[in-house]
Amino acid sequence: QVQLVESGGGLVQAGGSLRLSCAVSGPTFHSYGMGWFRQAPGQEREFVAAIRWSGSNTYYADSVKGRFTIARDNAKNTVYLQMNSLKPEDTAVYYCTAGSLESLTVGEYDYWGQGTQVTVSS
């Protein structure tokens, strides 16, 4: 059973930074594509960033490109999302997810965390 546990969310002022972490249980973390999605109240879950199992390729939504960075440490079974220059519109619940391949699509992932709230005040 693969379990994903996010941490690092919180309240921050606009322009600030947060780093989200996602700890993944299971021996095959190094083989998973990993992603971060977010969901604001009343909106659909949307893609934020993804990373290949090797870390060699990363992908970002246009809305976060240049501000967010996804990274992984396969030795620690952890994926990170560094979020800089945060804006009020970044406010959402952020979800970590794992699948056989990195993808921009919700349906391509097999495992999801419970989410962590990020709130950016203006």
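Small disclaimer: the values here were computed from a predicted structure and weren't measured.
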| query | What about L20 and V5, same hydrophobic cluster or not, with Ile/Leu/Val/Met/Phe/Trp/Tyr joined at side-chain heavy-atom distances under 4.5 Å? | reply | no
| field | Cluster link V12 to Y80, ILVMFWY, side chain under 4.5 Å | value | no
| Under the 6.0 Å and 45° cation-pi test, does R45 pair with Y95? | yes
| said: Looking at E6 and Q114, would you say the former's side chain and the latter's main chain have a donor-acceptor pair under 3.5 Å? | reply: yes
| said: Could you walk me through whether C22 and W36 satisfy the side-chain contact (heavy atoms from CB on, under 4.5 Å) test, starting with their C-alpha distance in whole Å, then the side-chain angles of each, then the deciding distance to 0.1 Å, before giving a yes or no? | reply: CA-CA 9 Å; C22 174; W36 287 95; 3.7 Å; yes
| Are T91 and Q117 side-chain neighbours, meaning at least one heavy-atom pair lies under 4.5 Å? | yes
| remark: Rounded to the nearest 0.5 Å, the OG1 atom of T97 sits from the CD atom of E102 at a distance of 12.5 Å
| said: Looking at every non-hydrogen atom in both residues, tell me the closest pair between S122 and A14 and how far apart they are. | reply: CA-CB, 4.4 Å
| request: Examine distances only and state if a side-chain atom of S103 and a backbone atom of E108 form a donor-acceptor pair shorter than 3.5 Å. | output: no
| Do the side chains of I51 and Y94 join up, straight or via other hydrophobic residues, at under 4.5 Å, putting them in one cluster? | yes
| query | Which of these, V64, L18, I70, sits in a side chain to side chain contact (heavy atoms under 4.5 Å, CB included) with L81? | reply | I70
| said: Do F68 and D90 have side chains that approach each other closer than 4.5 Å (heavy atoms only, starting at C-beta)? | reply: yes
| Do side-chain atoms of N77 reach the backbone of V24 as a donor and acceptor pair under 3.5 angstrom? | yes
| Within the distance-only criterion (no hydrogens, no angle test), does the side chain of S25 pair as donor or acceptor with the backbone N or O of Q3 below 3.5 angstrom? | yes
| request: Compare all side-chain heavy atoms of R38 with those of V93 and state whether any distance is below 4.5 angstrom. | output: no
| request: Side-chain contact test, heavy atoms from C-beta onward, threshold under 4.5 Å: evaluate it for N84 versus L86 and give yes or no. | output: no
| task | May I ask you to decide if W53's main-chain N or O and N74's side chain share a donor-acceptor pair within less than 3.5 Å? | result | yes
| Working for side-chain contact (heavy atoms from CB on, under 4.5 Å), residues S17 and M83 | CA-CA 5 Å; S17 298; M83 305 186 295; over 6 Å; no
| Side-chain donor/acceptor of T105 to backbone N/O of G107, under 3.5 Å | no
| query | Which pair of non-hydrogen atoms, one from Y32 and one from S100, has the smallest distance, and what is that distance? | reply | CD2-N, 4.5 Å
| query | Between atom CD of Q39 and atom CD of E44, what is the distance when rounded to the nearest 0.5 Å? | reply | 8.5 Å
| field | S56 side-chain N/O to S54 backbone N/O, donor-acceptor pair under 3.5 Å | value | no
| Is a donor on one side and an acceptor on the other found under 3.5 Å between the side chain of R67 and the backbone of S85? | yes
| message | Given the ring of F29, does R72 sit roughly above its face, with NZ or CZ under 6.0 Å from the centre of the six-membered ring and within 45° of the axis? | response | yes
| field | Heavy-atom pair of closest approach, residues Y60 and T69 | value | OH-CA, 3.3 Å
| task | Please answer: with hydrophobic residues joined when any side-chain heavy atoms are less than 4.5 Å apart, are L4 and F37 in the same cluster? | result | no
| said: Can you confirm whether Y59 sits close enough to L104 that some side-chain heavy atom of one is under 4.5 Å from a side-chain heavy atom of the other? | reply: yes
| query | Got a donor-acceptor contact below 3.5 angstrom from the T119 side chain to the L11 backbone? | reply | no
| Does V79 reach the side chain of C96, with side-chain heavy atoms less than 4.5 Å apart? | yes
